[in-house]
Colleague: 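Quick one: structure below, then a few questions.
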Amino acid sequence: MTKEDIGITVSKKEDFSEWYTQIVLKAKLADYAPVKGLIVLRPDGYSIWESLTNTFDKKFASNGIRNGFLPILIPESLLGKEQKHFAGFNPEVFWVTHSGDNEIGDRLALRPTSETLAYTMYSKWIQSWRDLPLKMNFWNSALRAEIKGTKPFLRTSEFLWQEGHTVHATREEAEEEVMKILEIYKNTVEEELAIPVTTGNKSEKEKFVGAVYTTTMESIMPDGKALQMGTSHFLGQNFSKPFEVKFADKDNVEHFAWQTSWGVSWRLIGAMIMIHGDDQGLVLPPRIAPIQVVIVPIYKKGDDRDMVLPKVEEIREMLESKGIRVHVDDRSELSPGYKFNDWELKGVPIRIEIGPKDVKKQSVVIAKRYNREKSSLGFTEIEKISTILDEIQIAMLKTAREQANVNSYVISDYNEFKSKIEKGGFFTAPWCGKLECEEKIKEETGADIRVIPFGSGNTDEKCMYCQEQSISVPIFARGY
RNA sequence: GGGAUCGUCGUCUAGCUUGGUAUGAUACUAGUCUGGGGGACUAGUGGUCGCAGGUUCAAAUCCUGCCGGUCCCA
């Protein structure tokens with residue numbers, strides 16, 4: 001391995017796919033497991049996930065949602081209770097058929113999602129309107145067999161996610177919950193991960209199997225492909241009926257409950273890597289970065305060391321007292337240059353360099369990761385770092401938004417669409433609402449309806465494909 | 001679903017056509033000098049060639065199957 005091979009050896013622009021994989025492996029976020037389609041998270045990857053889960057947990061909690069735990073095995077009889085749901089997931093379910101050498105009668109599924117299991121439990125727990133709403137969230141992993149085209153964080157046979165399941169007395173309340181969750185998702189992804197999203201509905205064809213409707217948030221990746229960032233489903237009574245999730249209302253009449261389910265996965269990490277990363281490696285938005293500021297002390301002789309280290313400690317304490325997550329890189333065997341590159345590969349938002357020269361000048365050098373700018377900051381101004389972190393966060397979202405806009409088009413001519421889709425992007429185009437057109441477009445161009453943005457409809461335009469009256473203006477794109 | 005391609009110390013790689021138990025770099029360990037953008041020198045450790053069979057006196061090399069990675073098309 002040459003010097004260059006320690007870092008990323010391909011450019012994001014020229015070989016996006018390889019670039020992505022190298023970041024995941026070389027920034028030590030994850031590694032491949034011995035089984036196809038599975039990955040192992042390493043500490044630097046897992047701490048990003050923890051940072052995300054912490055943020056979501058706070059928001060869920062303030063919305064009255066509490067965490068629980070569900071087992072990973074679901075008996076086939078339960079999974080099959082809602083027929084469409086079962087049919088939708090069956091091709092990608094892993095089955096447990098044996099315990100030791102003995103065959104299991106009712107074979108067990110490794111959960112592809114937990115609606116059926118959760119609602120079996122809910123039906124035991126809910127009897128009265130006083131038990132509602134019931135709002136729970138589960139952090140776990142789900143398993144869906146991916147045979148081809150696996151990619152760390154984006155498509156793996158097992159993935160970490162949260163699945164939320166709520167039960168309500170009325171349709172209105174459940175639908176409100178669907179939107180509240182989608183709003184939490186959108187805020188978190190935009191404000192914490194600095195990734196702009198478009199929210200709206202999935203088409204009938206693309207909705208969650210078993211849902212009445214699915215709301216989604218979609219983002220556009222730098223290679224022009226769309227990535228589904230999270231979904232929030234209104235299940236209506238589709239599950240409450242087969243699973244008998246019912247309650248006695250105030251009038252003592254028994255009703256089936258109204259339900260929602262929703263989830264985001266570690267795919268968000270993949271999106272963050274793709275959107276913000278550059279040819280030096282990962283770039284973490286400050287709010288989600290496990291380490292926000294890394295201090296690299298620079299010294300050679302003992303004297304310098306005695307001058308530098310106390311100052312480093314002082315700065316560390318000051319930053320920590322302001323709630324900033326700081327790390328001091330005191331590895332003695334590595335040169336400063338190596339450390340600079342190393343932390344850039346790992347994406348830490350701000351690096352502080354402090355050596356004898358700086359101590360004499362009563363200042364430090366700070367380097368911002370997202371634009372790789374260096375500047376000098378006086379000792380008395382160190383507290384400004386809080387503000388700088390905020391500014392970086394805002395700048396990153398702004399840049400990402402601009403990039404997304406560049407790759408978004410409004411279009412109505414199908415031939416134009418067919419030629420432009422080759423380069424990727426989001427295409428807002430009128431659609432008649434018929435499945436047939438949706439399927440044809442998919443077949444001919446590889447693009448599907450990613451999202452029908454809220455408020456889209458009542459247009460005078462003709463369907464891009466069949467020229468009949470359109471009923472909405474969805475975003476078409478090729479997806480991950 | 002169809003097709004292509006790859007797999008050799010931790011990592012990257014030579015060797016494979018024309019069989020004779022493996023090359024170099026980097027990393028790692030120890031020491032000395034160094035230290036403001038991936039440091040230098042010296043001395044060491046580390047692989048039986050993805051896995052399983054087969055052919056052969058002999059297999060990293062030839063054959064078959066499997067496992068895993070990557071890419072393209074639907």
Side-chain angles (χ1 to χ4, degrees), chain A residues 1-10 14-28 30-40 42 91-92 145-158 223 225 278-282 294-309 311-312 329-346 348 350-361 363-369 371-377 418 421-422 424 439-448 478-480:
Chain A
M1 186 155 48
T2 66
K3 274 178 198 169
E4 290 73 29
D5 289 337
I6 304 171
I8 309 300
T9 58
V10 296
E14 276 159 26
D15 192 347
F16 187 71
S17 186
E18 169 69 13
W19 168 87
Y20 174 82
T21 308
Q22 284 198 14
I23 292 210
V24 171
L25 297 178
K26 292 187 175 179
K28 299 188 167 69
D31 203 351
Y32 292 106
V35 179
K36 184 177 179 60
L38 302 184
I39 59 169
V40 175
R42 306 180 69 175
E92 48 194 28
E146 295 286 354
I147 308 300
K148 300 199 75 166
T150 60
K151 210 52 155 164
F153 296 116
L154 300 178
R155 189 177 297 120
T156 48
S157 288
E158 180 179 24
D223 61 352
K225 286 200 213 168
D278 63 21
D279 289 349
Q280 314 305 318
L282 197 57
V294 63
I295 304 178
V296 179
I298 298 162
Y299 49 78
K300 31 191 170 182
K301 295 288 183 309
D303 289 354
D304 289 344
R305 186 192 162 92
D306 294 343
M307 183 160 73
V308 170
L309 285 189
K311 202 66 207 177
V312 166
D329 187 353
D330 56 3
R331 291 176 293 179
S332 60
E333 72 279 14
L334 298 173
S335 69
Y338 187 95
K339 292 178 183 176
F340 297 166
N341 284 286
D342 195 36
W343 291 109
E344 282 175 14
L345 177 61
K346 290 184 185 315
V348 174
I350 290 179
R351 178 179 73 244
I352 296 181
E353 304 168 15
I354 174 165
K357 288 185 220 165
D358 306 292
V359 177
K360 280 177 196 145
K361 283 192 298 189
S363 68
V364 298
V365 172
I366 73 165
K368 296 179 199 166
R369 176 62 184 91
N371 59 8
R372 302 190 78 218
E373 279 175 16
K374 275 194 185 193
S375 57
S376 175
L377 199 64
K418 275 207 282 196
I421 191 73
E422 291 303 321
E439 282 176 339
K440 284 285 183 198
I441 292 169
K442 167 81 180 175
E443 206 179 301
E444 294 171 17
T445 67
D448 46 25
R478 287 178 177 166
Y480 266 91

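Keep in mind that this is a model prediction, so the values were computed, not measured. Each chain gets a letter, A, B and so on, in the order the sequences are listed, and its residues count up from 1.
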Colleague: Which whole-number value in Å describes the distance from A:Leu25 CG to B:U11 C1'?
Modeller: 11 Å
Colleague: Establish, for the pair A:Arg351 and A:Phe340, whether the NZ or CZ atom is under 6.0 angstrom from the six-membered ring centre and no further than 45 degrees off its axis.
Modeller: yes
Colleague: Report yes if a side-chain nitrogen or oxygen of A:Ser332 is closer than 4.0 Å to either non-bridging phosphate oxygen (OP1 or OP2) of B:G35; otherwise report no.
Modeller: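 For B:G35, neither OP1 nor OP2 has a side-chain N or O of A:Ser332 closer than 4.0 Å.
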Colleague: Which nucleotide wins on minimum distance to the side chain of A:Pro356, given the candidates B:G36, B:U70, B:C72?
Modeller: B:G36
Colleague: Output the distance between atom OH (A:Tyr20) and atom CZ (A:Phe153), rounded to the nearest 0.5 Å.
Modeller: 6.0 Å
Colleague: Determine whether any donor atom in the side chain of A:Asp358 lies under 3.5 Å from an acceptor atom in the base of B:G36, or the reverse, and answer yes or no.
Modeller: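 Yes, a donor-acceptor pair under 3.5 Å.
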Colleague: Taking the C1' atom of each, how far is B:U70 from B:G50, in whole Å?
Modeller: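 Here B:U70 and B:G50 have their C1' atoms 15 Å from each other.
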Colleague: Side chain of A:Asn341, heavy atoms from C-beta onward: which of B:G38, B:U70, B:G35 has the nearest atom to it?
Modeller: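 Among the listed nucleotides, the one closest to the side chain of A:Asn341 is B:G38.
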Colleague: Counting only N and O atoms by type, is there a donor-acceptor contact under 3.5 Å from the side chain of A:Asp358 to the main-chain atoms of A:Gly355?
Modeller: yes
Colleague: Quickly work out the A:Ile295 CD1 to B:G36 P distance and round it to whole Å.
Modeller: 19 Å
Colleague: Between A:Tyr299 and A:Asp342, just flag the one whose closest nucleotide in RNA chain B comes earlier from the 5' side.
Modeller: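 Nearest-nucleotide comparison on RNA chain B picks A:Tyr299.
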Colleague: Counting heavy atoms from C-beta on, name the nucleotide in B:G37, B:G69, B:G3 closest to the side chain of A:Lys148.
Modeller: B:G3
Colleague: Partner of B:U11 by Watson-Crick or G-U wobble geometry, both contacts under 3.5 Å, or none?
Modeller: B:A25
Colleague: Write down the distance separating the C1' atoms in B:C66 and B:G19, rounded off to the nearest Å.
Modeller: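 Per the computed distance, 24 Å lies between those C1' atoms.
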Colleague: Would you say the base of B:G37 and the side-chain of A:Lys374 have a donor-acceptor pair closer than 3.5 Å?
Modeller: yes
Colleague: What integer distance in Å separates A:Gln22:CD from B:C12:P?
Modeller: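 Roughly 10 Å, once rounded to whole Å.
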Colleague: Would you mind reading off the distance between A:Ile352 atom CD1 and B:G36 atom P, rounded to a whole angstrom?
Modeller: 19 Å
Colleague: Measure NZ/A:Lys300 against P/B:C33 and give the value in whole Å, please.
Modeller: 15 Å
Colleague: Give the nucleotide from the list B:G1, B:G69, B:G37 with an atom nearest to the side chain of A:Phe340.
Modeller: B:G37
Colleague: So, is A:Ser335 near the phosphate of B:G35, with a side-chain N or O under 4.0 Å from OP1 or OP2?
Modeller: no
Colleague: Expressed in whole Å, how much space separates the C1' atoms belonging to B:G20 and B:C72?
Modeller: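 It works out to 40 Å between them.
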Colleague: Looking at B:A74, which nucleotide sits across from it as a Watson-Crick or G-U wobble partner, both distances under 3.5 angstrom, or is there none?
Modeller: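 Paired with B:A74, as far as the under-3.5 Å criterion goes, is no nucleotide at all.
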Colleague: Do any N or O atoms from the side chain of A:Lys418 and from the backbone of A:Glu444 form a donor-acceptor pair under 3.5 angstrom?
Modeller: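 Not at all, since once roles are kept as given, no pair shorter than 3.5 Å links the two residues.
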Colleague: Can you tell me the Watson-Crick or wobble partner of B:G20, both distances under 3.5 angstrom?
Modeller: B:C57
Colleague: With rounding to whole Å, what would you report as the distance between B:G2 and B:A27 at their P atoms?
Modeller: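 These two P atoms come out 45 Å apart once rounded.
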Colleague: Both distances below 3.5 Å, Watson-Crick or wobble geometry, any strand: find the nucleotide opposite B:A52.
Modeller: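 Paired with B:A52, as far as the under-3.5 Å criterion goes, is B:U64.
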Colleague: How would you label the contact of A:Glu344 with the nucleic acid (heavy atoms, under 4.0 Å): base, sugar-phosphate, or nothing?
Modeller: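 Here A:Glu344 touches the bases of the nucleic acid.
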Colleague: With a non-hydrogen cut-off below 4.0 angstrom, is A:Lys442 in contact with a base, only sugar-phosphate, or nothing?
Modeller: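 If one applies the 4.0 Å heavy-atom cut-off, A:Lys442 turns out to touch nothing in the nucleic acid.
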Colleague: So which nucleotide from B:G35, B:U70, B:G37 ends up closest to the side chain of A:Tyr32?
Modeller: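 My answer, after comparing the listed nucleotides, is B:U70.
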Colleague: Taking atom C1' in both B:U21 and B:U29, what distance in whole Å separates the two?
Modeller: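 It works out to 27 Å between them.
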Colleague: Does a side-chain N-to-carboxylate-O contact under 4.0 Å join A:Arg369 and A:Asp278?
Modeller: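 Answer for the salt bridge query: yes.
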Colleague: Just call it for A:Arg305: base, sugar-phosphate, or nothing, with non-hydrogen atoms closer than 4.0 Å on any strand.
Modeller: nothing
Colleague: Can you check whether A:Glu146's main-chain N or O pairs, donor with acceptor, with A:Ser157's side chain at less than 3.5 Å?
Modeller: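 Here the side-chain-to-backbone pair exists.
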Colleague: Contact class for A:Arg331 vs. all strands (heavy atom < 4.0 Å): base, sugar-phosphate, or nothing?
Modeller: nothing
Colleague: Kindly indicate, with the supporting measurements, whether the criterion side chain to side chain contact (heavy atoms under 4.5 Å, CB included) is fulfilled by A:Leu282 and A:Ile23.
Modeller: CA-CA 7 Å; A:Leu282 197 57; A:Ile23 292 210; 4.0 Å; yes
Colleague: What is the pairing partner of B:A30, taking Watson-Crick or G-U wobble pairs with both distances under 3.5 Å in any strand?
Modeller: B:U42
Colleague: From the set B:G68, B:U70, B:G36, return the single nucleotide nearest to any side-chain atom of A:Val365.
Modeller: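 Taking heavy atoms from C-beta onward, the closest nucleotide is B:G36.
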Colleague: When the P atoms of B:G37 and B:U42 are considered, how many whole Å apart are they?
Modeller: 25 Å
Colleague: When you compare B:U61 with B:C51, how far apart are their P atoms, in angstrom units rounded to a whole number?
Modeller: 11 Å
Colleague: Could you tell me the separation between the OH atom of A:Tyr20 and the P atom of B:G69, rounded to a whole number of Å?
Modeller: 15 Å
Colleague: Closest approach to the side chain of A:Ile298, judged atom by atom: which nucleotide of B:G69, B:G37, B:G35 is it?
Modeller: B:G35
Colleague: Please state the C1' separation for the pair B:A74 and B:G38 - nearest whole angstrom.
Modeller: 44 Å
Colleague: B:G36, B:G69, B:G37: which one has an atom nearest the side-chain heavy atoms of A:Lys36?
Modeller: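 Nearest to the side-chain atoms of A:Lys36, counting from C-beta on, is B:G69.
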Colleague: Determine the contact category for A:Thr150: base if any of its heavy atoms lies under 4.0 Å from a base atom, sugar-phosphate if only primed atoms, P, OP1 or OP2 are that close, otherwise nothing.
Modeller: sugar-phosphate
Colleague: Quick one: on RNA chain B, does A:Val35 or A:Gly149 contact a more 5' nucleotide (nearest heavy atom)?
Modeller: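 Nearest-nucleotide comparison on RNA chain B picks A:Val35.
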Colleague: Tell me the partner of B:G36, counting only Watson-Crick (N1-N3 plus N6-O4 or O6-N4) or G-U wobble (N1-O2 and O6-N3) with both under 3.5 Å; none if nothing fits.
Modeller: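 Result: none.
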Colleague: Rounding to an integer number of Å, can you tell me how far A:Ile147 CD1 sits from B:G69 P?
Modeller: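 Those two atoms, CD1 and P, are 10 Å apart.
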Colleague: Select base, sugar-phosphate, or nothing to describe what A:Lys357 touches, counting heavy atoms under 4.0 Å on all strands.
Modeller: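 Counting heavy atoms under 4.0 Å across all strands, the contact made by A:Lys357 includes a base.
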Colleague: Got a second to check how far A:Asp448's CG is from A:Arg478's CZ, nearest 0.5 Å?
Modeller: 10.5 Å
Colleague: For a quick check under 3.5 Å, do A:Lys151 and A:Thr21 share a side-chain donor-acceptor pair by atom type?
Modeller: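 Note: A:Lys151 and A:Thr21 side chains meet the donor-acceptor criterion.
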Colleague: Over how many whole Å does the gap from A:Ile354 atom CD1 to B:G36 atom C1' extend?
Modeller: 12 Å
Colleague: Mind checking who B:U5 pairs with, Watson-Crick or G-U wobble, both distances under 3.5 Å?
Modeller: B:G69
